[in-house]
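Every value quoted in this text rests on a predicted model; they were computed, and no experiment measured them. Computation of the quantities below employed the complete heavy-atom set of this structure, encompassing side-chain atoms and omitting hydrogens, waters and symmetry-equivalent molecules. Chain A is the first sequence line, chain B the second, and so forth, proteins listed ahead of strands; every chain is numbered from 1.
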Amino acid sequence: MRGSFTEKVFNIVKQIPEGRVSAYSDIACALSRGSARAVGSALRRSPGMPEVPCHRVVLKSGRLGGFSGPGGVPGKKLLLEREGVRVYSGRVAEFEQIRWKPAP
DNA sequence: AGCGTGACGAACT
DNA sequence: TAGTTCGCCACGC
């Protein structure tokens, strides 16, 4: 069993709809606890797809950030594009519009 | 029980 | 504009 913080992060990430993305800081904020960095640490240890669609979590700036899963960051980009999320120059196109925020 | 390590973010040089 | 520094905080050793 992982720490409860990590479990909560997974729980939220699972709720991100296909074709939408969220930011590390958004998740940390929704939990009223931790930090974007802590969320990153949690996702790094996540089981990955299809259990947890961790590729839908990006930097607040709209840039991809990191990815430890198969294919590394390029793999993350492919997964997003496959869902209809356009990625341009390492950035999510129209990020603010497809940005999904977790329920408080 | 303490220390080092990041899939962050913002400020600073 | 690019590279560095600092604050952040859960987790593994």
Visitor: Over how many whole Å does the gap from A:Arg44 atom CZ to B:dA7 atom P extend?
Guide: 5 Å
Visitor: Quick one: are A:Val85 and A:Ile98 in side-chain contact, heavy atoms under 4.5 Å?
Guide: yes
Visitor: Counting only heavy atoms and a strict 4.0 angstrom limit, can you tell me which residues of residues 63-83 of chain A come near DNA chain B?
Guide: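 Hits under 4.0 Å, by residue number: A:Gly66, A:Phe67, A:Ser68.
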Visitor: Taking atom types as they are modelled, is there a donor-acceptor pair under 3.5 Å from the base of B:dG6 to the side chain of A:Ser41?
Guide: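 Under the 3.5 Å cut-off, the side chain and the base do form a donor-acceptor pair.
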Visitor: Short question: side chain of A:Ser22, backbone of A:Lys101 - any donor-acceptor pair under 3.5 Å?
Guide: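 No; judged by distance alone, with no hydrogens or angles, the pair does not exist.
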Visitor: Within residues 4-18 of chain A, which residues have any heavy atom lying less than 4.0 Å from an atom of DNA chain C?
Guide: A:Phe5, A:Thr6
Visitor: Please list all pairs meeting side-chain hydrogen bond (donor to acceptor under 3.5 Å, both in side chains) that have one or both residues in residues 55-65 of chain A, counting only residues at least two apart or in different chains.
Guide: A:His55-A:Glu83, A:Arg56-A:Glu83
Visitor: Is there a chain of hydrophobic side chains (I, L, V, M, F, W, Y, each step under 4.5 Å between heavy atoms) that links A:Leu43 to A:Leu79?
Guide: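 Different hydrophobic clusters.
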Visitor: Name the first nucleotide and the last nucleotide along DNA chain C (5' to 3') that come under 4.0 Å of a heavy atom in chain A.
Guide: C:dG7 to C:dG12
Visitor: Linking I/L/V/M/F/W/Y whenever any side-chain heavy atoms sit under 4.5 Å apart, do A:Phe95 and A:Val73 land together?
Guide: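 The answer is yes; both residues are in one hydrophobic cluster.
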Visitor: Does one hydrophobic cluster hold both A:Val87 and A:Val58, with members joined at side-chain heavy-atom distances below 4.5 Å?
Guide: yes
Visitor: Return the residues of residues 86-95 of chain A meeting this criterion: a heavy atom under 4.0 Å from some atom of DNA chain C. Order them by number, or give none.
Guide: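 DNA chain C contact set from residues 86-95 of chain A: none.
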Visitor: Contact class for A:Leu59 vs. all strands (heavy atom < 4.0 Å): base, sugar-phosphate, or nothing?
Guide: sugar-phosphate
Visitor: Taking salt bridge (Lys or Arg N to Asp or Glu O under 4.0 Å) as the test, write out the residues that go with A:Arg45, two or more places apart.
Guide: none
Visitor: Please name all residues satisfying salt bridge (Lys or Arg N to Asp or Glu O under 4.0 Å) with A:Glu18, sequence neighbours left out, ordered by chain then number.
Guide: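 Expected list: none.
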Visitor: Looking at every heavy atom in both A:Ser46 and A:Cys54, which two are closest together, and how far apart are they?
Guide: OG-SG, 3.6 Å
Visitor: Tell me, please, which residues at least two apart from A:Glu94 pass side chain to side chain contact (heavy atoms under 4.5 Å, CB included).
Guide: A:Gln97
Visitor: May I have the list of side-chain donor-acceptor pairs in residues 7-17 of chain A shorter than 3.5 Å, sequence neighbours left out?
Guide:
from: A:Gln15; atom 1: NE2; to: A:Asn11; atom 2: O; distance (Å): 3.2

Visitor: Distances for protein N/O vs nucleotides 10-13 of chain B N/O pairs under 3.5 angstrom?
Guide:
from: B:dA10; atom 1: OP1; to: A:Lys60; atom 2: NZ; distance (Å): 3.2

Visitor: Share the residues that join A:Leu78 in a hydrophobic cluster, the rule being Ile, Leu, Val, Met, Phe, Trp or Tyr side chains under 4.5 Å apart at the heavy-atom level.
Guide: none
Visitor: Holding to side chain to side chain donor-acceptor pair (under 3.5 Å), I want the full list of residues that pass it with A:Arg99, two or more places apart in sequence or in another chain.
Guide: A:Asp26, A:Glu96
Visitor: Which atoms form the tightest heavy-atom contact between A:Gly34 and A:Phe5, and what is the distance?
Guide: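 Looking at all heavy atoms of both residues, the shortest contact is CA-CE1, 4.0 Å.
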Visitor: Given side chains that start at C-beta, do those of A:Val21 and A:Trp100 come closer than 4.5 Å, heavy atoms only?
Guide: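 A:Val21 vs A:Trp100: side chains apart.
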